[in-house]
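Numbering starts at 1 and runs along the sequence shown.
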Amino acid sequence: EVQLVESGGGLVQAGGSLRLSCAASGFTFDDYAIGWFRQAPGKEREGVSCISRSDGITYYADSVKGRFTISRDNAKNTVYLQMNNLKSEDTAVYYCAAYLGIVDARTPLNDYGMDYWGKGTLVTVSS
């Protein structure tokens with residue numbers, strides 16, 4: 001059974017930090033790029049960041065550049081999203097997703113057809 005399980009969400013004050021984790025199982029993790037998306041109430045889903053399968057290519061939405069860092073540990077089948085200097089507008093449910101394909105640093109994440117999705121973790125930033 002394919003699973004992507006997000007963790008690390010919670011309540012944090014503006015300016016604080018959180019690290020989200022995405023633990024994968026049930027598929028060949030090394031073959032997939034992994035992305036993070038978020039959706040705030042009443043808003044469309046936004047592609048936040050992604051990381052390629054093995055060569056370290058990363059993409060960041062303009063809204064998080066310089067504040068968020070994505071990384072992966074293929075030995076642990078896990079992707080991380082370090083979120084610093086959080087703002088109230090970062091409040092959302094964050095989802096990770098897997099993509100069997102090639103990603104680059106410029107293509108918006110929503111342009112990819114992700115293959116698997118997690119159920120999300122809630123991040124709330126209080127101002």
Side-chain angles (χ1 to χ4, degrees):
E1 179 188 6
V2 170
Q3 282 194 317
L4 290 168
V5 180
E6 303 92 339
S7 61
L11 174 64
V12 64
Q13 289 188 333
S17 298
L18 284 174
R19 188 177 81 156
L20 305 183
S21 298
C22 171
S25 61
F27 62 98
T28 306
F29 183 73
D30 295 9
D31 289 345
Y32 286 76
I34 303 295
W36 284 97
F37 295 77
R38 67 185 181 186
Q39 189 162 22
K43 294 189 176 181
E44 292 187 355
R45 186 177 64 199
E46 176 187 16
V48 174
S49 180
C50 73
I51 187 165
S52 62
R53 293 175 290 187
S54 59
D55 53 6
I57 293 174
T58 57
Y59 163 86
Y60 296 97
D62 287 343
S63 57
V64 306
K65 276 182 183 175
R67 300 188 298 121
F68 290 11
T69 303
I70 192 169
S71 62
R72 68 187 292 161
D73 185 339
N74 285 351
K76 295 183 178 180
N77 285 8
T78 301
V79 169
Y80 305 98
L81 186 69
Q82 178 67 43
M83 306 187 297
N84 297 330
N85 190 22
L86 283 160
K87 305 175 181 180
S88 58
E89 52 262 44
D90 296 318
T91 294
V93 177
Y94 284 71
Y95 303 88
C96 65
Y99 175 61
L100 183 62
I102 297 173
V103 298
D104 60 53
R106 297 182 180 179
T107 302
L109 201 51
N110 282 346
D111 287 0
Y112 300 115
M114 308 306 282
D115 296 283
Y116 306 121
W117 289 86
K119 295 183 178 180
T121 185
L122 176 62
V123 172
T124 304
V125 183
S126 63
S127 55

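In the hydrophobic clustering of this structure, Val12 groups with Tyr94; members are Ile, Leu, Val, Met, Phe, Trp, Tyr whose side-chain heavy atoms approach within less than 4.5 Å, directly or through other members. Met83 and Tyr95 sit in two unconnected hydrophobic clusters of ILVMFWY residues. Membership requires side-chain heavy atoms under 4.5 Å apart, directly or through other members.
A search for side chain to side chain donor-acceptor pair (under 3.5 Å) contacts involving Arg67 returns Asp90, not counting sequence neighbours. Cys96 is linked by a disulfide (SG to SG under 2.5 Å) to Cys22, counting only residues two or more places apart in sequence or in another chain. Applying the side chain to side chain contact (heavy atoms under 4.5 Å, CB included) rule to Asp62 yields the partners Lys65; only residues at least two apart in sequence or on another chain are considered.
Sorted by first then second residue, the disulfide bond (SG atoms under 2.5 Å apart) pairs that include residues 98-127, not counting sequence neighbours, number zero. Residue pairs satisfying the ring pair (Phe, Tyr, Trp, His ring centres under 6.0 Å) criterion with at least one member in residues 33-81, sequence neighbours excluded, are listed as follows: Phe37-Trp117. Note on residues 96-111: pairs passing side-chain hydrogen bond (donor to acceptor under 3.5 Å, both in side chains), not counting sequence neighbours, are Asp104-Thr107.
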Going through the distances and angles, do Val123 and Leu20 end up as a side chain to side chain contact (heavy atoms under 4.5 Å, CB included)? CA-CA 9 Å; Val123 172; Leu20 305 183; 4.0 Å; yes
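Looking at heavy atoms from C-beta onward, Ile70 lies in side-chain contact with Val79 at the 4.5 angstrom threshold.
Using modelled atom types, no side-chain atom of Gln13 and backbone atom of Ser126 make a donor-acceptor pair closer than 3.5 Å.
Atom CD1 of Ile102 has 12 or fewer heavy atoms from other residues, nucleotides or ligands within 6.0 Å.
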